[in-house]
Amino acid sequence: MGSADIDASIDVVYAVFKDIPAATQWMADCKENREIRKIDEYTSVQFNITKAPWPVSDREALCIVTEKRMKKPERLPLSFMKR
């Protein structure tokens, strides 16, 4: 489990996380990320490919991503559960 303090408004951070295909621009070694199914307003199933070094093959994962936006204190906890 990790956490980070980001010097940006919560709205900017939220917009970055909601742009699912753009994860390749900020997630380490991410080659592809796309939404497979929207379960509800806060939960989705996403497919991810992570680049792995030779001689290992790239890793594919289905993740259940759950978001919960908190107003006080202003936080955006995200849960990524690989299946």
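- Taking the salt bridge (charged side-chain N to carboxylate O under 4.0 Å, His left out) definition, one finds that D58 meets it with K31, sequence neighbours left out.
- Checking N48 against E32 by side-chain atom types alone, no donor-acceptor pair falls below 3.5 Å.
- Transitive grouping of hydrophobic side chains (ILVMFWY, heavy atoms separated by less than 4.5 Å) brings V45 and I49 into a common cluster.
- Contact annotation: the side chain of V16 approaches that of W26 to within less than 4.5 Å [non-hydrogen atoms, C-beta and beyond].
- Using a 4.5 Å heavy-atom threshold, the side chains of T43 and V65 count as separate.
- Of the inter-residue distances, the one linking N33 atom CG with C63 atom SG reads 7.5 Å to the nearest 0.5 angstrom.
- Contact between S57 and A52 at its shortest, heavy atoms only, is O-CB, 3.2 Å.
- Residues A28 and T50 share a closest heavy-atom pair of O-CG2, 4.4 Å.
- To the nearest 0.5 Å, atoms CG (D11) and NZ (K18) are separated by 13.0 Å.
- Between the R37 side chain and the E35 main chain, no donor and acceptor come within less than 3.5 Å of each other.
- The CD atom of Q25 sits 7.5 Å away from atom CG of D19, with the distance rounded to the nearest 0.5 Å.
- Counting all heavy atoms, side chain and backbone alike, C30 lies closest to A23 at CB-O, 4.0 Å.
- Both L62 and I39 are members of a single hydrophobic cluster when ILVMFWY side chains are connected at heavy-atom separations under 4.5 Å.
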